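To start, the structure under review is shown below, and the notes come after it.
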Amino acid sequence: VTQFMVDMVNPQLGEVVLDPATGTGGFLVCAIEHLRKQVHNAEQEATLQNSIRGVEKKQMPHMLCVTNLLLHGIEVPNQIRHDNTLARPLICWGPSERVHCIVANPPFGGKEEDGIENNFPSNFRTKETADLFLALIIRLLKKDGRAAVVLPDGTMFGDGIKNALKEHLLEECNLHTIVRLPDSVFKPYANVGTNLLFLEKGEPT
């Protein structure tokens, strides 16, 4: 699934690839392998080295992600930050920080600590981690940027804030493909239905 998502987004050398909830770095490793097929000289390899970005909240997965990238040829993986991407006000992410490609499987089923939701506009305020990440991913994409995201059923088919988020997604991005995954894909970690969302920012769905 991870490789399929990266191949669908199809990052090109010179584009920045971000996973805002990296875990141990599986998506970024696939992105590195995808980009390395386009590398034919030292200058292009240097471009690749500077194309990978990630943020991970938990210390152990962050350390494993850094190790994983070292093993896959990223010489100084200092662009993998140990931080919570959601802890920064959404409005503070400016144009210079936006990226070409995002591939992510944000945590779902969990709740953020008190106060995190205040970093988001009032119509998006929730403690549901996956919903907040969807709002963040839309913000972080450049115009014509592409994303592939794993999200639970509730994000796409819920009411209230979830519906407001879906409307925002459909207005800001072309959600061109939804792939329904079997319920068993994330067992035993999660038993909820999930979908792969593929989108491009800049035109409405």
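Keep in mind that what you see is a predicted model, and the values were worked out from it rather than measured.
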Determine whether [X] and [Y] make a side-chain contact, defined as any pair of heavy atoms from C-beta on separated by less than 4.5 Å.
X      : Y      : result
Pro61  : Thr22  : no
Glu97  : Arg88  : yes
Thr2   : Asn105 : no
Val179 : Phe198 : yes
Glu75  : Gln49  : yes
Phe120 : Leu86  : yes
Val39  : Leu48  : yes
Lys142 : Lys201 : no

So which heavy atom on [X] is nearest to which on [Y], and how close?
X      : Y      : answer
Pro106 : Val150 : CD-O, 3.4 Å
Cys30  : Val6   : CB-CG2, 3.7 Å
Leu175 : Leu199 : CA-CB, 4.1 Å
Leu13  : Gln38  : N-OE1, 2.7 Å

Non-neighbouring partners of Glu45 that pass salt bridge (charged side-chain N to carboxylate O under 4.0 Å, His left out), sequence neighbours left out =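 With sequence neighbours excluded, Glu45 shows a salt bridge (charged side-chain N to carboxylate O under 4.0 Å, His left out) to Arg36, given in chain and number order.
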Residues that Lys143 engages under salt bridge (charged side-chain N to carboxylate O under 4.0 Å, His left out), provided they are two or more places apart |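 So Lys143 forms no salt bridge (charged side-chain N to carboxylate O under 4.0 Å, His left out) with any residue.
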Could you tell me whether Lys162 and Asp131 have a side-chain N and a carboxylate O separated by less than 4.0 Å?
->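 A salt bridge is present here (some side-chain N lies under 4.0 Å from a carboxylate O).
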Check: Gln12/Asn10 side-chain N/O donor and acceptor closer than 3.5 Å =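 Side-chain D/A pair, Gln12 to Asn10: present.
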Just checking, is any N or O donor in the side chain of Thr24 or Asn68 under 3.5 Å from an acceptor N or O on the other one?
->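 No pair is found: no donor N or O on one side chain lies under 3.5 Å from an acceptor on the other.
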If Ile, Leu, Val, Met, Phe, Trp and Tyr residues are connected whenever their side-chain heavy atoms lie under 4.5 Å apart, and connections chain through other members, are [X] and [Y] in the same group?
X      : Y      : answer
Leu141 : Leu151 : yes
Ile102 : Leu90  : yes
Leu181 : Met8   : yes

Salt bridge (Lys or Arg N to Asp or Glu O under 4.0 Å) pairs, two or more places apart, involving residues 15-24 |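 Residue pairs passing salt bridge (Lys or Arg N to Asp or Glu O under 4.0 Å), neighbours aside: Glu15-Arg146.
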Tell me, yes or no, whether the heavy-atom count around Leu71 atom CG, taken from other residues, nucleotides or ligands under 6.0 Å, exceeds 12.
->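 Yes - once you tally the heavy atoms of other residues, nucleotides and ligands closer than 6.0 Å, there are more than 12.
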Quick one: CD1 on Ile161 to CD on Glu117, what's the gap to the nearest 0.5 Å?
->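 Result: 9.0 Å between the selected atoms.
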